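Since this is a predicted model, take the numbers as computed values, not measurements. These values consider heavy atoms only, across backbone and side chains, with no hydrogens, waters or symmetry-generated copies. Naming: A, B, ... by sequence-line order, numbering from 1 per chain.
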Amino acid sequence: MSITSDSPNGPSTRRNSSKELPDVGNPAADKIFSGISLSAGILILVVLAAVAIFLVAQALPVFSANAEELTAGSFLKYIWPLTIGTLIASAIALLIATPVGIGVALYISHYAPRRFAKTIGYIIDLLAAIPSVIFGAWGAAVLAPKIVPFYDWLAAYFGWLPIFVGPASQTGKTILTAGIVLGIMILPIITSMCREIFIQTPKLQEEAALGLGATRWEMVKMTVFPFARTGIVSSVMLALGRALGETMAVTLVLASGPLNASLIQSGNQTFASEIALNFPEAYGLRMSELIAAGLVLFVITLIVNVIARMITSRYKEFSGAN
Amino acid sequence: MSSAAVTSSRFTSGQAPKWLTPAVGLAAIILGAALSALIGFSVATWALFAGLIFVIAGPILIGIIEGRRKGSDAFARFLVYGTFLIALIPLVSVLWTVLSKGIPGLSGNLLTTSMNGVTGVVDNKTAAGDQPILGGIYHAIIGTLEITALATIISVPIGLLTAIYLVEYATGGPLSRAITFFVDVMTGIPSIVAGLFAASFFAFATGSPSTRTGFVAAVALSVLMVPTVVRNAEEMLRIVPNELREASYALGVRKWRTIMKVVIPTAISGIASGVTLAIARVIGETAPILVTAGFVNSINFNAFSGWMATLPTYIYYQIMTPTSPTSPQVSETRAWAAALILILIVMLLNLTARAIAKAFAPKTGR
């Protein structure tokens, strides 16, 4: 549905008297201009392909290297704990950010006083504007020490759960803290996307529900949530993509180490944090290994994002919102 | 309680009295304080218990008076309000931390000197109280500005032209759909992967695996910036009314001229504010800079050779590897001061974006 489809060739080219009309533009420039914009578009595709190709090229030495030259004996053994650590941190982040994000979006779209709704949305967007390194520094300097008593409590009363096995870390620099910081960072993504979708709920449906005597919550359950379900899922997927690749929050907050089932002890590591911590000093095979790890991260986030986009595009086709 | 309500008015009979919610709130605060005191008082547990009691007791009381449905409605309402308050906590806490920890570190030194020559010995003297905090972020500000400017110079033309192609020239064929799709995918590239890409690209191009300059970092940031610019410019070009284009064509103006003279000027406010937001987003990126530009303590004006520092990497290294390991608080003070400057820059860019969008918005005649 291109806007220009009704006049694809621009103005009629028959009028050769264009010399009398100054500034209509040079006919040859039309071709040049469209060529330049087309090549800019193609360049983006080339760059994305180049990202994949160069990462693969730089990562290749890892797969032909001797086992004893690699950090963990084999590349799979190296990747495995990182994958698990990344998934744990992202899962914690999603568990926190999804309910809160949907709640805040609902607050802005359906609960807040109309006058303040826009301002409140802007305030939440401020969260997105804060650089990740500052979140990381805040997590390490403020959140981690404050959360230690809570971890002690978890260890004392829920220590029988493998994920809360004590003794709790006394610095608070654990994967749970990192997950919480990640959750705060992805909150604005979920909130802003959900808010946009919640607002688009057909007014007639909402009013019909209210008119039949539904309470506000029943109205939300009957009209807003069914309408927005796919949108919520795709916003969560996008937030997951962000959480998987987020670096600084984890690097600064987590005292990393080998895989550890307990979320309140130090240990575990994520892809992004592992790369950021080690790449500046890496050379040779170690560098290839880290680039290969980055490639794995790239593939994982790519899959997550593609799924999210597929959901969104299906949603666009069938929702009738447009 | 319901009998009291009945006497007031026939229309409000069976409804919870207005004072119920504040009363429950007050009771929750008192009970919460008591419960918190039982396990060793702290503000956090007090707020937690008070909040829990309020969210549970309030709806139950309303449910008893007005019925189940109203009760669950109140429960949902309290929860939604609660999530909003919870979301505000980190925002307020982060801003407060940056302000309270950053302001003490602000000084003339901070903005005008680099970290060149500032060693652990110097910091130890400062910690002992012999001298003010020496060393600053001048080199990091230079690096941030140069790298971000280069990234903007690279990504704005590419992004804008791509958006023009998608909106003005594409006819919905496979190529334009592929571009739209992959721009979306690019939005989700983890920032560190963009950094790794730029690093490995230049490693390949120059033949030396540890090529790290400001320009490499700018390329990495462009990978992150281009999709943002495309998406935004695309949206802005799409809302330019088609009548404007047609009016221009009717006057015999060629397509490229129409785009340059009619379409873009109409959309320029939105595009400019989108670009500003994209800059605000990449200026705070740390991870791609870490792997592409290295880190230095001295001033480097040349983005095309030698390592460079930026504000985010400065904050990161001051925290992770304090200049003086025995008195890290000096480095932390510098880091928070730098964080304050960085947040001010980002907020300023955000406000500028809003101002641009407002000031240059096309007159719609309404």
Side-chain angles (χ1 to χ4, degrees), chain A residues 2-5 7 10-11 15 21 24-25 29-30 33-34 36-38 40-41 43-45 48 51 54-55 58 100 103-104 106-107 111 124 126-127 129-134 137-138 142 184 187 215-217 241 245 247-248 272 275-276 279-280 287 291 294 297-298 301-302 305-306 309, chain B residues 69-70 72-73 76 79-80 83-84 86-87 90-91 93-94 97-98 158 161-162 164-165 167-172 178-179 182-186 188 190 192-193 196-197 200-201 204 209-210 226 242 249 252-257 280 284 286-287 290-291 312 315-316 319 339 342-343 346 350:
Chain A
S2 166
I3 278 169
T4 54
S5 54
S7 52
R15 283 189 60 156
L21 295 168
V24 295
D30 246 353
F33 192 75
S34 70
I36 292 176
S37 19
L38 175 64
L43 182 67
I44 288 185
L45 296 183
L48 201 69
V51 170
F54 280 104
L55 288 181
Q58 293 285 316
V100 177
V104 174
L106 207 54
Y107 176 75
Y111 280 86
I124 296 296
L126 271 188
L127 264 179
I130 295 174
S132 57
V133 68
I134 294 179
W138 171 81
V142 178
I184 296 167
L187 178 69
T215 62
R216 188 161 9 177
W217 173 238
T247 317
M248 278 305 128
I275 298 166
F279 197 85
M287 199 163 157
I291 290 178
L297 174 65
F298 178 55
T301 48
L302 200 69
N305 279 305
V306 167
R309 295 297 172 191
Chain B
R69 288 175 54 221
K70 287 287 172 66
S72 55
D73 181 48
L79 274 187
V80 165
T83 56
F84 173 64
I86 290 173
L91 180 66
S93 174
V94 168
T97 310
V98 171
I158 297 178
L161 283 168
T162 307
I164 289 174
Y165 170 73
V167 176
E168 306 289 334
Y169 289 103
T171 46
I179 293 174
F182 282 108
V183 164
D184 277 346
V185 167
M186 250 176 122
I192 191 139
V193 172
L196 285 181
F197 155 68
S200 44
F201 174 75
F204 179 80
S210 51
V226 163
N242 224 5
Y249 294 150
V253 180
R254 289 201 168 273
K255 189 160 185 168
W256 73 276
R257 196 88 184 147
T286 322
L290 277 182
V291 301
I315 298 168
Y316 174 78
I319 291 175
L342 180 61
I343 251 187
V346 172
N350 273 286

Atom of [X], atom of [Y] and distance for their closest heavy-atom approach:
{"X": "B:Phe84", "Y": "A:Ile124", "result": "CE1-CD1, 4.4 Å"}
{"X": "B:Tyr169", "Y": "A:Asp30", "result": "OH-O, 4.2 Å"}
{"X": "B:Ile319", "Y": "A:Ala137", "result": "CD1-CB, 3.5 Å"}
{"X": "A:Val51", "Y": "B:Phe197", "result": "CA-CD1, 3.3 Å"}
{"X": "A:Ala129", "Y": "B:Asn350", "result": "CB-ND2, 3.5 Å"}
{"X": "B:Asp73", "Y": "A:Arg216", "result": "OD1-N, 3.5 Å"}

Find the one option among [options] whose heavy-atom pairs under 4.5 Å with chain B are most numerous.
{"options": "A:Leu43, A:Leu187, A:Ile36, A:Thr301", "answer": "A:Thr301"}
{"options": "A:Val306, A:Leu45, A:Leu126", "answer": "A:Leu45"}
{"options": "A:Ala276, A:Ser37, A:Gly241, A:Gly245", "answer": "A:Ser37"}

Is it the side chain or the backbone of [X] that comes within 4.5 Å of chain B heavy atoms, both, or neither?
{"X": "A:Ile184", "value": "side chain"}
{"X": "A:Ser34", "value": "both"}
{"X": "A:Leu106", "value": "both"}
{"X": "A:Arg309", "value": "side chain"}
{"X": "A:Leu38", "value": "both"}
{"X": "A:Thr247", "value": "side chain"}
{"X": "A:Ile291", "value": "both"}
{"X": "A:Val100", "value": "both"}
{"X": "A:Ile275", "value": "both"}

Part of B:Thr97 lying under 4.5 Å from any heavy atom of chain A:
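Interface part for B:Thr97: side chain.
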Chain A contact via B:Val94 - side chain, backbone, both or neither, heavy atoms under 4.5 Å
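Both backbone and side chain of B:Val94 come within 4.5 Å of chain A.
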Name the option with the most non-hydrogen atom pairs under 4.5 Å to chain A; the candidates are [options].
{"options": "B:Gly188, B:Ala339, B:Ser200", "value": "B:Ser200"}
{"options": "B:Pro312, B:Ala287, B:Ala87, B:Pro190", "value": "B:Pro190"}
{"options": "B:Leu290, B:Leu79, B:Leu91", "value": "B:Leu91"}
{"options": "B:Val183, B:Ile158, B:Val226", "value": "B:Ile158"}

Which of parallel (below 30°), tilted (30 to 60°) and perpendicular (above 60°) describes B:Phe201 and A:Phe54?
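Because their plane-to-plane angle is over 60°, the rings of B:Phe201 and A:Phe54 count as perpendicular.
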Taking C-beta and beyond as the side chain, do [X] and [Y] meet within less than 4.5 Å on heavy atoms?
{"X": "B:Ile343", "Y": "A:Ile130", "value": "yes"}
{"X": "B:Ile164", "Y": "A:Phe33", "value": "yes"}
{"X": "A:Ser132", "Y": "B:Thr286", "value": "yes"}

Any side-chain donor near an acceptor of the partner, A:Trp217 and B:Ser72, under 3.5 Å:
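No, because no side-chain N or O of A:Trp217 sits under 3.5 Å from a partner of the opposite role on B:Ser72.
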Could you check whether atom CZ of B:Phe204 has more than 12 heavy atoms from other residues, nucleotides or ligands sitting under 6.0 Å from it?
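For B:Phe204, atom CZ is not crowded (no more than 12 foreign heavy atoms under 6.0 Å).
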So how far is it from A:Met287 CE to B:Leu196 CG, rounded to the nearest 0.5 Å?
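Taking CE in A:Met287 and CG in B:Leu196, the distance rounds to 8.5 Å.
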Given side chain to side chain contact (heavy atoms under 4.5 Å, CB included), test B:Asp184 with A:Asn305 step by step and report yes or no.
CA-CA 8 Å; B:Asp184 277 346; A:Asn305 279 305; over 6 Å; no
